[in-house]
Novice: 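My questions will all concern the structure given below.
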Amino acid sequence: MIDRIRRGIAAGAVAGAAYGLFTWLVLSPAVGYLEHAASHEAGHGHGGHGHAQEAAHAVSEATTALVSAGGGVLWGVLLGAAFGAAYYLFEPALPGGEAKAYVLAGAGFLAVSVAPWTVLPPVVPGMEQLYGPGVRVPLYLGLIGVGALVAATSVLAYDRASAARGRRAGAVAAALPLVALALLSALAPPTLAGGEAPAELAVAFRWLVALSQAGLWALIAVGFRRFERDGDRPAADSPAATPTGTD
Amino acid sequence: MSTHTDTVADRFAAAGAQIDPLTALTAAALVAALGFALLFMQEPMAHEALHDFRHGAGITCH
């Protein structure tokens, strides 16, 4: 178990480094741009409310970008550690053979990001939250639990149905809990208001957020599989194990 | 990674046998403490400095 967590952390650190770089080079400038756009247009509406301005006042933009990039690295490490522990515990139940790590990464993405987003979608800079953190933080954590439950149900349904009626039935059964989650997002009341940024830009920003999170999970899975393979042949480094460098 | 026949329950049992409760408790306490510190880090400097990251990760806060 410790081995798996260690590999998870290593994979998370590598993925987190990439993600931190992405935060620094892409996300921070995007957030900055959208906030400037929002605060300019807010001039004619309610008198330029505080989100962008607060950020600018408390610390410089460069510091924010740097600390946020570091936060991205730590985020990768945290997810990687959780991934390693979950992989050790749930690997026997995961379908997919060689692709098990990717199934687990998908489940993690679903639980940690997608499920909370069904009710609390990613905030595009310039939008205003309707509820305070006292409501949102417990809600977010609760939705992570819901997401984990949905992912577990989906995997179990796939295992059962594919064993009984073949792969196609398994895929259909696995999709049902996901459809239920999608319904939740349609039924959930809105939690955000405003949005002075142009609609297309807001959509683009959300896709950027969603794809970068999915990419982070995918990188963790790739790295983890890589470290697993290296770990499974412990003598790989010694010259005796690899007779004459053919590669 | 090839010939696993144990179940999820076996893995939980193995984890329980391998890791002694005190270590697990220490690790859990550490993670909880760090999580607590991060969650309630409303100190404007630290909080605002992570502002771009929260937007980027789609984490709802502030």
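Throughout, a chain's letter reflects where its sequence line sits, starting with A, and its residues are numbered from 1.
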Novice: Decide whether D52(B) and S68(A) meet the rule of one side-chain donor and one side-chain acceptor closer than 3.5 Å.
Specialist: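 D52(B) vs S68(A): no donor-acceptor pair found between side chains.
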
Novice: Who wins among T191(A), V209(A), V112(A) for the most heavy-atom pairs under 4.5 Å with chain B?
Specialist: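 Maximum pair count with chain B is reached by V209(A).
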
Novice: Give a yes or no on this: more than 12 heavy atoms of other residues, nucleotides or ligands lie within 6.0 Å of atom CZ of R226(A).
Specialist: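 It does not: R226(A) CZ has 12 such atoms or fewer within range.
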
Novice: For W117(A), is the CH2 atom crowded, meaning more than 12 foreign heavy atoms sit under 6.0 Å from it?
Specialist: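 Enclosed: over 12 neighbouring heavy atoms sit under 6.0 Å from CH2 of W117(A).
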
Novice: Within this structure, what is the CG-OG1 distance for the pair L50(B) and T23(A), rounded to the nearest 0.5 Å?
Specialist: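 Going from CG on L50(B) over to OG1 on T23(A), the span is 10.5 Å.
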
Novice: Is the closest side-chain donor-acceptor distance between E35(A) and H51(B) under 3.5 Å?
Specialist: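 Indeed, the side chains of E35(A) and H51(B) share at least one donor-acceptor pair under 3.5 Å.
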
Novice: Working to the nearest 0.5 Å, report the span between CZ of F53(B) and CG of L27(A).
Specialist: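 Interatomic distance, F53(B) CZ to L27(A) CG, rounded to 0.5 Å: 10.0 Å.
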
Novice: Between P122(A), S28(A), G132(A), which shows the greatest number of heavy-atom pairs under 4.5 Å with chain B?
Specialist: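 Highest number of pairs under 4.5 Å: S28(A).
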
Novice: Please look at Y19(A) and chain B and tell me whether the side chain, the backbone, both or neither of the residue comes under 4.5 angstrom of a heavy atom of that chain.
Specialist: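 Contact with chain B is through the side chain of Y19(A) alone.
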
Novice: Heavy-atom distances under 4.5 Å only: say whether V31(A) touches chain B with side chain, backbone, both or neither.
Specialist: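 The side chain, not the backbone.
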
Novice: Distance-only, no hydrogens or angles: does the W75(A) side chain make a donor-acceptor pair with backbone N or O of A57(B) under 3.5 Å?
Specialist: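 Absent.
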
Novice: List the residues meeting salt bridge (charged side-chain N to carboxylate O under 4.0 Å, His left out) with R6(A), not counting sequence neighbours, and say none if there are none.
Specialist: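 R6(A) satisfies salt bridge (charged side-chain N to carboxylate O under 4.0 Å, His left out) with D3(A) only.
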
Novice: Within residues 13-26 of chain B, which residues come under 4.5 Å of chain A, heavy atom to heavy atom?
Specialist: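 From residues 13-26 of chain B, the residues near chain A are A14(B), A15(B), Q18(B), I19(B).
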
Novice: How about F12(B) and F90(A): are their ring centres within less than 6.0 Å of each other?
Specialist: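 F12(B) vs F90(A): aromatic centres under 6.0 Å.
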
